[in-house]
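What follows is a set of notes on a single structure, which appears directly below.
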Amino acid sequence: SIWDKQLSKIEVSTPEKEKLETFYSALYHCMIHPSMSGDVDGNYRGRDQKIHQAKNFVPYTVFSLWDTFRALHPLFTIIEKKRTMDFIHTFLNQYNEGGRLPMWELSANETNCMIGFHSASVITDAWMKNMIHSDSLGMYKALVSTSNYNKLGYPAFNKNNYLQLEDESESVSKILEYAYDNWCVAQVAKKAA
């Protein structure tokens with residue numbers, strides 16, 4: 001019944017059973033990660049590797065954001081609004097516990113896998129859809145701080161608005177990702193002003 005409820009958030013119809021199986025299998029796969037990371041009492045391991053108590057949100061893990069910011073998270077702002085806000089509160093707590101928003105977090109550890117900081121995209125999408133009402137100043141501070149991270153080519157990119165190969169590996173890809181994420185931060189700044 002729990003899965004019926006989840007999968008019924010989007011109803012499709014077709015006489016072709018195979019297409020229904022494909023669609024609902026894909027929707028099921030959307031629900032696997034991010035995963036809850038807290039215990040039943042609200043305790044969870046933070047990015048500082050200490051045990052914290054979640055207050056008014058469910059903590060999550062497995063944020064493969066480079067893979068999910070384009071489609072999965074925008075879908076969740078439509079069919080999983082509460083869960084989206086739990087993700088964003090998790091991001092903010094990870095920032096407070098570890099010093100930056102997640103890039104590709106796994107089990108309270110930043111893997112630094114992939115590029116960009118697409119938690120900015122997830123936050124901005126929710127912000128533009130008027131889903132964020134609490135601690136907006138803290139979220140904006142986290143966005144700006146993360147865009148000014150002192151590694152991975154951010155300093156050179158923020159100084160020159162581009163990266164040379166000598167500045168950082170994957171320079172062209174990082175230019176595209178950083179420019180998009182900084183654009184997201186700018187959209188939040190415009191709306192917050």
Side-chain angles (χ1 to χ4, degrees), residues 34 37 44 46-48 52 54-78 80-106 108-163 167-168 170-171 173-193:
S37 66
Y44 69 95
R47 288 265 296 276
D48 56 6
H52 297 272
K55 293 182 177 87
N56 302 318
F57 79 101
V58 174
Y60 279 83
T61 187
V62 191
F63 289 107
S64 61
L65 291 161
W66 189 88
D67 304 297
T68 60
F69 80 95
R70 296 170 191 86
L72 179 67
H73 285 285
L75 172 66
F76 280 172
T77 64
I78 298 167
E80 291 286 345
K81 290 183 179 185
K82 174 165 183 341
R83 201 167 165 205
T84 294
M85 290 313 301
D86 286 341
F87 297 159
I88 291 170
H89 287 295
T90 300
F91 294 168
L92 188 56
N93 279 28
Q94 288 185 4
Y95 167 78
N96 291 330
E97 298 154 4
R100 74 179 157 131
L101 292 168
M103 174 191 275
W104 206 124
E105 179 273 347
L106 175 65
N109 295 285
E110 179 53 65
T111 67
N112 291 314
C113 182
M114 306 314 280
I115 57 178
F117 65 104
H118 299 308
S119 47
S121 178
V122 175
I123 292 169
T124 300
D125 188 27
W127 201 306
M128 295 300 131
K129 292 175 179 169
N130 296 313
M131 294 173 64
I132 294 177
H133 304 291
S134 64
D135 199 14
S136 55
L137 183 61
M139 287 185 208
Y140 180 68
K141 179 183 170 194
L143 287 166
V144 171
S145 176
T146 302
S147 72
N148 289 307
Y149 187 57
N150 63 1
K151 294 179 183 169
L152 303 172
Y154 284 100
F157 176 80
N158 287 334
K159 178 182 176 191
N160 303 317
N161 295 315
Y162 65 90
L163 290 169
D167 295 326
E168 183 73 17
E170 303 169 315
S171 58
S173 295
K174 286 181 179 173
I175 289 169
L176 295 171
E177 304 292 331
Y178 295 173
Y180 171 68
D181 293 330
N182 282 353
W183 178 86
C184 289
V185 175
Q187 301 318 299
V188 169
K190 284 181 191 175
K191 187 159 183 175

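By convention here, the first residue in the shown sequence is residue 1.
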What distance separates E110 CD from L101 CG, expressed to the nearest 0.5 Å? 10.0 Å
Shortest non-hydrogen pair, D67 vs W104, comes out as OD2-NE1, 3.4 Å
Answer whether the closest heavy-atom distance between the side chains of Y154 and Y178 falls below 4.5 Å. yes
For L163 against K174, the heavy-atom pair lying closest together: CD1-CB, 3.8 Å
If the plane angle is over 60° it's perpendicular, under 30° parallel, otherwise tilted; pick one for W183 and Y180. parallel
To the nearest 0.5 Å, atom CZ of F57 lies from atom OG1 of T90 at 5.0 Å
Is atom NZ of K82 surrounded by more than 12 heavy atoms (other residues, nucleotides or ligands) closer than 6.0 Å? yes
Checking N182 against N158: is there a side-chain donor and acceptor pair closer than 3.5 Å? yes
Do any N or O atoms from the side chain of S119 and from the backbone of P102 form a donor-acceptor pair under 3.5 angstrom? yes
Report the C-alpha distance between C113 and W66 in whole Å, list the side-chain angles of each, state the deciding distance to 0.1 Å, and finish with yes or no for side-chain contact (heavy atoms from CB on, under 4.5 Å). CA-CA 9 Å; C113 182; W66 189 88; over 6 Å; no
Residues C184 and S121: closest non-hydrogen pair is SG-CA, 3.8 Å
Quick check against the 3.5 Å criterion: does T77 have a side-chain atom that pairs as donor or acceptor with the backbone of P74? yes
Run the side-chain contact (heavy atoms from CB on, under 4.5 Å) test on E80 and F87 for me, step by step, so that the C-alpha distance in whole Å, both residues' side-chain angles and the decisive distance to 0.1 Å come before the verdict. CA-CA 10 Å; E80 291 286 345; F87 297 159; over 6 Å; no
All side chain to side chain donor-acceptor pair (under 3.5 Å) counterparts of N160, not counting sequence neighbours: none
Evaluate the side-chain proximity of F76 to R83: yes if any heavy-atom separation is below 4.5 Å, no if none is. yes
Working to the nearest 0.5 Å, report the span between CD1 of I115 and CG of L176. 8.0 Å
When every non-hydrogen atom of L152 is compared with those of R100, the smallest separation belongs to CD1-NH1, 4.0 Å
Pair T84-M131, side-chain contact (heavy atoms from CB on, under 4.5 Å): steps then yes or no: CA-CA 9 Å; T84 294; M131 294 173 64; 3.8 Å; yes
Determine the minimum heavy-atom distance between P59 and A54, stating which atoms define it. CD-CB, 3.8 Å
Go through the structure and list residues passing side chain to side chain donor-acceptor pair (under 3.5 Å) with Y44, not counting sequence neighbours. N93, E97
Student check: side-chain heavy atoms of T124 and V185 closer than 4.5 Å: no
Are a donor atom and an acceptor atom from the side chains of T111 and E105 found within less than 3.5 Å of each other? no
Rounded distance [0.5 Å steps], CG in L92 versus NZ in K141: 9.5 Å
Sequence neighbours excluded, every pair satisfying salt bridge (charged side-chain N to carboxylate O under 4.0 Å, His left out) that has a member inside residues 178-193: none
Are the side chains of W127 and M139 in contact, using a 4.5 Å heavy-atom criterion? yes
Less than 4.5 Å apart, any side-chain heavy atom of M85 and any of I132? yes
List the steps, then state whether side-chain contact (heavy atoms from CB on, under 4.5 Å) holds for F63 with V122. CA-CA 11 Å; F63 289 107; V122 175; over 6 Å; no
For S145 against G99, the heavy-atom pair lying closest together: OG-O, 4.3 Å
Is a side-chain N or O of N148 found less than 3.5 angstrom from the main chain of V144, in a donor-acceptor match? yes
What's the separation between atom CZ in R70 and atom CG in L72, rounded to the nearest 0.5 Å? 12.0 Å
Does atom CG (N150) have a neighbourhood of more than 12 heavy atoms from anything else shown, all under 6.0 Å? yes
Is any side-chain heavy atom of L65 less than 4.5 Å from a side-chain heavy atom of M103? no
So, for F117 and F91, is the gap between ring centers shorter than 6.0 Å? no
With rounding to the nearest 0.5 angstrom, report the NE2 to CD1 distance, H73 to I88. 9.5 Å
